[in-house]
Amino acid sequence: MAEELSAATSYTEDDFYCPVCQEVLKTPVRTAACQHVFCRKCFLTAMRESGIHCPLCRGSVTRRERACPERALDLENIMRKFSGSCRCCAKQIKFYRMRHHYKSCKKYQDEYGVSSIIPNFQISQDSVGN
């Protein structure tokens with residue numbers, strides 16, 4: 001228990017944000033060589049675009065990692081225990097629930113232009129190519 005607490009206290013709030021999308025980590029994955037952490041989707045997208053390098057430091061990433069990155073389960077567990085402040089309303093939210101909070105935070109939506117209700121747009125054939 002003491003080991004777990006000391007490991008958790010070595011993290012700062014910034015450690016729970018993806019360096020690619022700048023949002024709270026969603027399904028965090030960690031590179032083996034440099035130990036950088038990203039959202040799984042951000043990492044896989046970066047791997048498709050940049051090839052064989054870490055999106056943060058350009059360190060080597062193995063072929064196996066590029067195909068199936070290792071989940072950062074230790075970080076996921078810590079995110080379930082610790083809270084941070086919403087960027088806009090300053091409400092304390094568990095890190096693993098932060099993205100869900102953003103969907104209902106009016107101040108966040110006003111600041112970043114993100115709405116929890118996404119209209120269902122239909123593109124008519126008349127408007128295509130005009």
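Keep in mind that what you see is a predicted model, and the values were worked out from it rather than measured. FYI, the numbering just counts along the sequence from 1.
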Residues passing the side-chain hydrogen bond (donor to acceptor under 3.5 Å, both in side chains) test with T45, sequence neighbours excluded, are R48
How close do [X] and [Y] get, heavy atom to heavy atom, and via which atoms?
X	Y	answer
C39	L25	N-CD2, 3.6 Å
R87	Y112	CD-OH, 3.7 Å
L44	P69	CD2-CD, 3.8 Å

Separation of Y17 OH from E23 CD (nearest 0.5 Å):
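Reported value, rounded in 0.5 Å steps: 8.0 Å.
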T27 side, atom OG1; L73 side, atom CG - distance, nearest 0.5 Å
10.5 Å
Compare all side-chain heavy atoms of [X] with those of [Y] and state whether any distance is below 4.5 angstrom.
X	Y	result
R40	R71	no
C89	K107	yes
F16	V37	no

Between Y11 and L75, is a side-chain contact (heavy atoms from CB on, under 4.5 Å) present by the stated rule, with each step listed?
CA-CA 9 Å; Y11 287 98; L75 194 58; 3.4 Å; yes
Any donor-acceptor N/O pair, [X] side chain to [Y] backbone, under 3.5 Å:
X	Y	value
Q109	K103	yes
R30	E70	no
K91	S85	no
D15	T12	yes

Checking salt bridge (Lys or Arg N to Asp or Glu O under 4.0 Å) for the pair E111/K106: CA distance, chi angles, key distance, verdict?
CA-CA 9 Å; E111 177 73 23; K106 179 72 171 133; over 6 Å; no
Criterion side-chain hydrogen bond (donor to acceptor under 3.5 Å, both in side chains) on T31 and E65, from CA distance to verdict:
CA-CA 7 Å; T31 59; E65 277 183 288; 5.1 Å; no
Can you check side-chain contact (heavy atoms from CB on, under 4.5 Å) on S83 and K94, steps first, answer last?
CA-CA 4 Å; S83 300; K94 297 278 186 193; 3.7 Å; yes
For the residue pair F38 and H36, categorise the inter-ring angle as parallel (less than 30°), tilted (30 to 60°) or perpendicular (more than 60°).
perpendicular
Could you walk me through whether H101 and Y108 pass the side-chain contact (heavy atoms from CB on, under 4.5 Å) check?
CA-CA 9 Å; H101 168 75; Y108 183 88; over 6 Å; no
Could you pull out every donor-acceptor pair under 3.5 Å between side chains of residues 52-60 and any protein atom, sequence neighbours left out?
| residue | atom | partner | partner atom | Å |
| --- | --- | --- | --- | --- |
| H53 | ND1 | R58 | O | 3.1 |

Transitive ILVMFWY side-chain link Y102 to M79, under 4.5 Å
yes
Is the centre of the F95 ring less than 6.0 Å from the centre of the F82 ring?
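No, the ring centres sit 6.0 Å or more apart.
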